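Not measured: the values here are computed from a predicted model. In what follows, every chain begins at residue 1, and chains take the letters A, B, ... in the order their sequences are listed.
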Amino acid sequence: DAGVIQSPRHEVTEMGQEVTLRCKPISGHDYLFWYRQTMMRGLELLIYFNNNVPIDDSGMPEDRFSAKMPNASFSTLKIQPSEPRDSAVYFCASSFGGDTQYFGPGTRLLVL
Amino acid sequence: GEDVEQSLFLSVREGDSSVINCTYTDSSSTYLYWYKQEPGAGLQLLTYIFSNMDMKQDQRLTVLLNKKDKHLSLRIADTQTGDSAIYFCAETFSGGYNKLIFGAGTRLAVHP
């Protein structure tokens, strides 16, 4: 199994630009999670999906952030417009039946 | 609210045992997890324990759970330089079965 796949691995952009992060969960998994990791706040759950439906988005910081899961094998996290304080590592994770979560390698985002 | 606490740093000599400690607040957590994060990488699941167990052993890893004190520990026997990483403790959030609450992580440094 290829594991959770995220792209891009690194993203550098300028303030105000739109950023789209992508995730492919492990095949057969029905839960998908988006996390953000920073030195100051540690690991934060942003949103999670079950069977492609958003279940809890209470961790999404503000309206600039949006996430979609159009099908069972693909999800996006979009930031528009991006700000320097959005700089972080964004992780996607997936699980089967809500059990053990398996993480992707992350996308390191730098907003200048 | 839910909270998971860990010490931030641990330094051990190669070949010695490492013990990483964690305290949590949600007594109804079903599972407790240990994840490992190497520099520039995602979180790798190390092991987990069901809340009705006291101990779980997996090769060099031993997990101890004290439910009364809400204390979880991870012991790594014969610690090697490859064990140098950040170790995260996580509990399941009783208000949302599929949510994990992470500690801030313990940075383990192994020196010769």
Side-chain angles (χ1 to χ4, degrees), chain A residues 1-10 21 23-26 29-60 88-110, chain B residues 1-9 20 22-26 28-53 56 58 61 63 72 74 85-107:
Chain A
D1 196 324
V4 176
I5 299 172
Q6 291 187 247
S7 65
R9 293 293 310 276
H10 302 272
L21 311 180
C23 175
K24 177 178 168 54
I26 292 173
H29 281 191
D30 55 351
Y31 283 83
L32 184 139
F33 306 81
W34 282 102
Y35 290 87
R36 178 172 67 176
Q37 185 180 37
T38 61
M39 289 292 292
M40 292 298 295
R41 300 174 67 90
L43 264 168
E44 303 173 277
L45 176 66
L46 300 177
I47 185 171
Y48 79 89
F49 296 82
N50 176 220
N51 291 323
N52 314 338
V53 176
I55 303 300
D56 184 351
D57 65 354
S58 59
M60 295 287 263
V89 183
Y90 291 81
F91 289 106
C92 176
S94 70
S95 73
F96 175 71
D99 278 348
T100 306
Q101 296 181 26
Y102 295 88
F103 282 73
T107 295
R108 191 172 297 271
L109 174 65
L110 177 61
Chain B
E2 301 74 26
D3 194 18
V4 177
E5 294 191 357
Q6 305 177 236
S7 53
L8 295 182
F9 188 74
I20 302 172
C22 168
T23 57
Y24 60 96
T25 55
D26 191 344
S28 58
S29 289
T30 310
Y31 302 90
L32 294 121
Y33 295 86
W34 285 104
Y35 283 85
K36 175 184 179 183
Q37 185 178 31
E38 296 180 356
L43 275 71
Q44 171 196 354
L45 176 68
L46 271 184
T47 187
Y48 63 91
I49 187 168
F50 292 105
S51 57
N52 62 357
M53 296 171 64
K56 179 179 180 181
D58 184 1
L61 305 178
V63 178
L72 182 73
L74 174 70
I86 301 175
Y87 291 80
F88 291 91
C89 168
E91 64 167 343
T92 49
F93 169 49
S94 63
Y97 176 77
N98 305 303
K99 289 178 68 167
L100 288 180
I101 307 297
F102 284 88
T106 299
R107 184 178 295 275

Report summary line: Honestly, the part of R41(A) sitting under 4.5 Å from a heavy atom of chain B is neither

Query - Derivation of the side chain to side chain contact (heavy atoms under 4.5 Å, CB included) call for L45(B) and T100(A) - result: CA-CA 8 Å; L45(B) 176 68; T100(A) 306; 2.9 Å; yes

Query raised in the report: Between I101(B) and L45(A), is a side chain to side chain contact (heavy atoms under 4.5 Å, CB included) present by the stated rule, with each step listed?
Result: CA-CA 8 Å; I101(B) 307 297; L45(A) 176 66; over 6 Å; no

Report task. Taking atom CZ of F9(B) as the centre, report whether more than 12 heavy atoms of other residues, nucleotides or ligands fall under 6.0 Å from it. Result -> yes

Report summary line: Rounding to 0.5 Å, atoms CG (L100(B)) and OH (Y35(A)) come to a distance of 4.5 Å

Query raised in the report: Non-hydrogen atoms of chain A under 4.5 Å away: do they reach the side chain of A104(B), the backbone, both or neither?
Result: neither

Query raised in the report: CD1/I86(B) to CD/Q37(A) distance, rounded to the nearest 0.5 angstrom?
Result: 7.0 Å

Query - Region of Q37(B) that comes under 4.5 Å of a non-hydrogen atom in chain A - result: side chain

**Report entry** Side chain / backbone / both / neither for T107(A) at chain B, heavy atoms under 4.5 Å
**Finding:** neither

Query raised in the report: Between OH of Y35(B) and CZ of F103(A), what distance do you get to the nearest 0.5 Å?
Result: 5.0 Å

